[in-house]
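Side chains are part of it too, since the values below use all heavy atoms of this structure and drop only hydrogens, waters and symmetry mates. In what follows, every chain begins at residue 1, and chains take the letters A, B, ... in the order their sequences are listed.
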Amino acid sequence: MAEYNPQAIEAKWQKRWADARVFETEADPSKPKYYVLEMLPYPSGTMHMGHMRNYTIGDVVARVKRMRGFNVLHPMGWDAFGLPAENAAIKNNTHPRTWTNNNIAEFQRVLRRFGFSFDWRREISTCEPEYYRWNQWFFLRMLERGLAYRKKSRVNWCPKCATVLANEQVVNGYCWRHEDTLVETREIEQWFLKTTAYSEQLLDDLKLLEGGWPERVITMQRNWIGKSTGAKVRFAVADAGAGESIEVFTTRIDTIYGASALILAPGHPLVKKLLAGSSEEAAASAKLQEMRQSSVKAEELETADKVGFFTGRYAVNPFNGAQIPVWVGNFVLMEYGTGAVMCVPAHDERDFEFATKYGLAIPVVVQPKDGAALNEKALKEAFTEYGTSVNSGACSGLATSEAMERMAAEAEAKGFGKRETIFRLKDWGVSRQRYWGTPIPVIYCAKDGMVAVPDADLPVILPANPKLTGMGESPLAATPEFVNVKCPKCGGDARRETDTMDTFVDSSWYFYRYCDPHNDKAPFDKGKVAYWFPIDQYIGGITHAILHLLYSRFWCKVMRDLGLVEHSEPISRLFTQGMVQKGGVAMSKSRGNVVGAEEMAEKYGADTGRLYTLFAAPPEKDLEWSEESIEGSWRFLNRVYRLVERHAETVRGVKSATESAAGNTGATAAPSAKETRLLRKAHQTLRRVTQDFETRWHFNSAIALIMELTNEMHALEPLSEGVRPEVQKEVLELLTLMLAPMTPHIAAEMWEMLGHEEGQWTAAWPAFDAELARETEVEIVVQVNGRVRGKLKVAAGMPEEQVLPLALAEPGAAAHLAGKRVVKTIFVADKLVNMVVS
RNA sequence: GCCGGAGUGGCGGAAUGGCAGACGCAGAGGACUCAAAAUCCUCCGGUCGCAAGGCCGUGUAGGUUCGACUCCUAUCUCCGGCACCA
């Protein structure tokens, strides 16, 4: 008997699949389609079992759908641009492209080794000009529509590196490479994509995703977009500051009579003007300086205390003419709203804290609808709920909701305010002062200003040999042959933009490119995308809940408005799988706790690796890797292999029910008791496994059921006694077909051992037979007062009046019924009898 | 602080109102073997009991129900995300 040899079997079947082009697919409107996709990897480090879990889940789905007759698109590619490649290249004195391509080669080898059913002809790599030219093309379309624009913006800047740092490179306010150097913030010109143009749609369309996306992802996106409905109100500055006004945003205009100050963000443009010549100028300027210096750190230390100072100026409440002091406070954000707030201490927690600290007045203007009235002097915390307005001029006595309406209307009528909805979502800053990314296709000409690179000149190709130092501005700026260019308009000397695009641009639309990966006329053919989209199932980590998945949604809406696609949402269903951990933390190279996928394949084979990641936990949960437990999966595959091998000789020549025209074996001749038991177990297993695959994705339970089936077959050995070969064959076939999506190599091998000359990939998912699965005898639990006291074996479907006498007589139950009166009986057919006694 | 998710044997987990602990790992005992590995068989939540069997048990405390891991209320712990958003 040959032993199970996964290495040989896996290599054999991977070659057969490739030779027969089993996973290659084309758009075909005559067939139902299914697009299943795992998030594309960033090729860096080693591929470990955390990666494999993601692709295994997707591969199971792809293979099941194929067996069920769908035309399945299941592609793979590389998120190949990015900072780590550039840093690694500098460190190892190589080229980012060399480093990246080496990693891709290794990643690809490991993925192939695991037998994932990808259509490799559709492979894309985002660092290739064939791909990134379309990033540039999209950028130009957005530029034409005002969706891409340039503006000055604040960035982290390390004076020693003389470059911009990503937020991740700022450690407690210091540069990651120069631990003694405080990071500064600088204003530089940066490119933005106008995600805010779609705020409302991005929010509204989340409704379309309900049911298909995890609720928490939807919630996270909703919070991120952060819609607030309220009003903007302008306060005039009194006396010396006359002529200036301060605009605030509030969601509670109904509390405006309770404002005891205005508070500006430290970075508010009016602060300097207000301080000039004010009584507080000297003291306040010093405090402002201090506040601004600590502002970088304050962003890191989010628990910072509220601090502020008085500007010496007053503003006039447009509703009642009250003069209230203007302060500067560190907790007011310049980036949100108008950068200024009205301080209503009695009805806002933050304002209460600030007012208490600095001795500002705390006037009460809302009273609870029920409960004790608030007393200004005894107020211990802010009352932030709705209620009844008081001390609010004409609105006193009204419900706050009503007051809100009236006050907003008054502000609009008198011209000092207006209703407004604002969003937390900001435009997407896409400029990166780095080499390894998509060049932004724009040229600056002294005469014509900013000029878009004409489509015909795309792609703007990255120079092959830049000087990479990790210092200074974009390496592209230090590459004269790249920078110096003729103006497309006037032909005069001009300069190229030297920033590259954020790599999230690459991943925002890559899944469209898979539909038509080699198109050199357009990013993709509309018809092909129309066939495959939307993605039926997307699978990836929760880490991308906001960035990638929000940018992708934005990109889709832009493409729709460009007329490229018909749909508004690219992804129908999203599945976020759990992390693979070791020692309680996610596997990662930097932590040094990875279990390499390749070593796993060498030791146990890919099928065991795949099976274990599916068996150890349900896919949405984190999975703690255990070297000991994996032995169980290995042993199981060996057990199944031996089982098939033992009976292969007997069954090879016969036709099973699935093959014979006569239908199921059970129907052709009266089955023996042993056959009945076997077929019943097999079809019950099939029913539940089918359900698990189709709806719940509880692969761990499905595997447990298949294990039970093999245990049952084992218990019925020798099968040669009392089980006809065609029945043996039917059950063994079901077994291998159910395993096929999860452990495709060993399943294919066993399928062949059972006498099939056609590869298993031609086999459909088996249909379960309800008749064969049906139990004829059931066990009924007999309870007394809800506690199990005995069990009965009865014919399935036996009615209550027949079961009850048996239950009363059941010895275990009878002992607990003695001398008591049954007051109530609950009967659940085929399940239980519960007798309630007094 | 807010928003999610989760708490079940020594461990991973199963059970979507009806026998808690399926399946697997680890462990114990046995068979086979000169021996080991592999394989096969049996046991395996706690507790009382010679046994039959009883009692307790799904983070904690209540509630609904004939019956609750499952539904409701409160509470604790852990994990993840957001965090002065006016």
Side-chain angles (χ1 to χ4, degrees), chain A residues 3 214-220 222-224 226-228 230 248-253 255 259 263 265 298 302-306 329-333 335-344 347-351 353-354 384 422-426 542-543 545-546 576 578-579 581 584 611-612 615-618 620-633 635-636 638-639 642 696 698 700-711 714-715 717 779-791 812 815 822-828 830-837:
Chain A
E3 296 231 323
E215 217 177 289
R216 62 177 171 152
V217 175
I218 294 176
T219 307
M220 281 161 79
R222 187 171 287 133
N223 293 341
W224 186 263
K227 180 176 178 172
S228 290
V248 303
F249 175 78
T250 177
T251 54
R252 291 295 302 271
I253 194 172
T255 65
I263 310 175
E302 283 142 350
T303 49
D305 282 339
K306 290 183 177 48
N330 66 337
F331 69 99
V332 179
L333 305 173
E335 300 79 28
Y336 185 74
T338 60
V341 299
M342 60 181 200
C343 175
V344 185
H347 307 292
D348 181 283
E349 282 170 31
R350 295 152 302 181
D351 295 346
E353 187 188 333
F354 193 75
T384 58
I422 65 169
F423 294 89
R424 213 185 73 113
L425 182 71
K426 287 182 233 159
I542 184 75
T543 41
I546 295 176
T576 52
M579 287 180 303
Q581 307 182 326
L611 186 71
Y612 177 67
F615 180 59
E620 71 278 7
K621 275 189 75 168
D622 288 345
L623 183 161
E624 175 67 29
W625 190 263
S626 158
E627 291 295 339
E628 286 173 335
S629 293
I630 195 163
E631 288 283 345
S633 297
R635 284 202 280 260
F636 170 66
N638 276 279
R639 208 151 45 223
R642 284 195 300 270
R696 301 195 317 163
H698 280 196
N700 56 332
S701 309
I703 293 165
L705 290 165
I706 296 170
M707 285 175 168
E708 278 188 51
L709 175 62
T710 59
N711 290 347
H714 207 95
E717 293 281 14
E779 194 175 63
I780 287 190
V781 174
V782 182
Q783 297 182 335
V784 177
N785 283 347
R787 309 202 52 140
V788 180
R789 298 301 179 185
K791 286 164 190 180
V822 177
V823 291
K824 191 173 179 181
T825 314
I826 287 96
F827 174 77
V828 182
D830 292 349
K831 281 217 172 126
L832 96 164
V833 176
N834 185 15
M835 289 170 284
V836 185
V837 298

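Pair assignment for U65(B): none, as no Watson-Crick or G-U wobble contacts are both less than 3.5 Å. Look at G57(B): it lacks any Watson-Crick or wobble partner with both distances under 3.5 angstrom. For G80(B), the paired base is C3(B) (Watson-Crick or G-U wobble, both distances below 3.5 Å). Across all strands shown, G27(B) is found opposite C43(B) as a Watson-Crick or G-U wobble partner, with both distances under 3.5 Å. Remark: C34(B) base-pairs with no nucleotide; criterion is Watson-Crick or G-U wobble with both hydrogen-bond distances under 3.5 Å.
No engagement by Val344(A) is indicated, since no non-hydrogen atom pair under 4.0 Å with the nucleic acid exists. Using a 4.0 Å heavy-atom criterion, one finds that Arg789(A) contacts the sugar-phosphate atoms exclusively. Residue-level contact check: Asp622(A) touches the backbone only, with heavy atoms under 4.0 Å from sugar-phosphate atoms and none from bases.
Comparing C50(B) with U58(B), their P atoms sit 27 Å apart, to the nearest whole Å. Taking atom P on both nucleotides, C72(B) is separated from G80(B) by 26 Å, rounded to a whole Å. The same atom, P, is picked in G45(B) and in A37(B); the two are 26 Å apart, to the nearest Å. When the P atom is used for both C23(B) and G29(B), the distance is 23 Å, rounded to whole Å. For the P atom pair drawn from U8(B) and U60(B), the interatomic distance equals 10 Å after rounding to whole Å. G57(B) and G9(B): their P atoms are spaced 14 Å apart (whole Å). Comparing the same atom, P, in G53(B) and in G62(B) gives a spacing of 32 Å after rounding to whole Å. When the C1' atom is compared between A83(B) and U16(B), the two are found 34 Å apart, to the nearest whole Å.
The salt bridge (Lys or Arg N to Asp or Glu O under 4.0 Å) test applied to Arg639(A) returns no partner, not counting sequence neighbours. Listed by chain and number, the residues in a ring-ring contact (aromatic ring centres under 6.0 Å, His included) with Phe354(A) are Trp327(A), Phe331(A), Tyr358(A) (sequence neighbours excluded). The salt bridge (Lys or Arg N to Asp or Glu O under 4.0 Å) check on Glu717(A) picks up Arg646(A), with sequence neighbours excluded. Shown here are the salt bridge (Lys or Arg N to Asp or Glu O under 4.0 Å) partners of Lys426(A), two or more places apart in sequence or in another chain: there are none.
Distances shown here put every side-chain N or O of Arg787(A) at or beyond 4.0 Å from the OP1 or OP2 atom of G53(B).
Whole-Å rounding puts the Phe827(A) CZ to G17(B) P distance at 20 Å. Counting to the nearest Å, the P atom of A83(B) and the CE atom of Met220(A) are 10 Å from each other. The CD1 atom of Ile780(A) sits 16 Å away from the C1' atom of G67(B) (whole-angstrom rounding). Put simply, CD on Gln581(A) is 15 Å from C1' on C11(B), counting in whole angstrom units. Atom CD in Glu620(A) sits about 15 Å away from atom C1' in C79(B), given to the nearest Å. The NZ-C1' distance, from Lys306(A) to A86(B), rounds to 11 Å in whole Å. A straight line from CE of Met579(A) to C1' of C79(B) spans 9 Å, rounded to a whole angstrom. For the pair Ile422(A) CD1 and A86(B) C1', the computed distance is 8 Å after rounding to whole Å.
Val332(A) pairs in a side-chain contact (heavy atoms from CB on, under 4.5 Å) with only one of the listed residues (Thr338(A), Val248(A), Ile263(A)), which is Ile263(A).
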- Task: For each nucleotide in nucleotides 2-8 of chain B, reading 5' to 3', give B when a protein heavy atom comes within less than 4.0 Å of its base, S when such contact involves only the sugar-phosphate, and - otherwise.
- Result: -SS----
- Base, backbone or nothing for each nucleotide of nucleotides 18-25 of chain B, written B, S, -, heavy atoms under 4.0 angstrom, 5' to 3'? BB--BBSS
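Syn is the conformation of G9(B), whose glycosidic angle sits no further than 90° from 0.
Of the two residues near RNA chain B, Leu333(A) and Glu624(A), the one whose nearest nucleotide lies more 5' is Glu624(A). The nearest heavy atom of RNA chain B to Pro618(A) and to Trp224(A) marks one nucleotide each, and the one closer to the 5' end goes with Pro618(A).
Taking 4.5 Å as the limit, every side-chain heavy atom of Pro214(A) sits out of range of all side-chain heavy atoms of Glu620(A).
Annotation for Ser228(A) and Tyr336(A): closest pair OG-OH, 3.1 Å, computed over non-hydrogen atoms. Between Lys306(A) and Asn330(A), the closest heavy-atom pair is CA-OD1, 3.5 Å. The nearest pair of heavy atoms linking Met342(A) to Ile253(A) is CE-CA, 4.5 Å.
In the set A15(B), C66(B), A86(B), A86(B) carries the atom at the smallest distance from any side-chain atom of Phe249(A).
The backbone N or O of Cys343(A) sits nowhere less than 3.5 Å from a side-chain atom of Asp348(A) that would complete a donor-acceptor pair. When atom types are taken as modelled, the side chain of Arg252(A) and the backbone of Thr384(A) share a donor-acceptor pair closer than 3.5 angstrom. Looking only at distances, a side-chain donor or acceptor of Asp622(A) sits under 3.5 Å from a matching main-chain atom of Met579(A).
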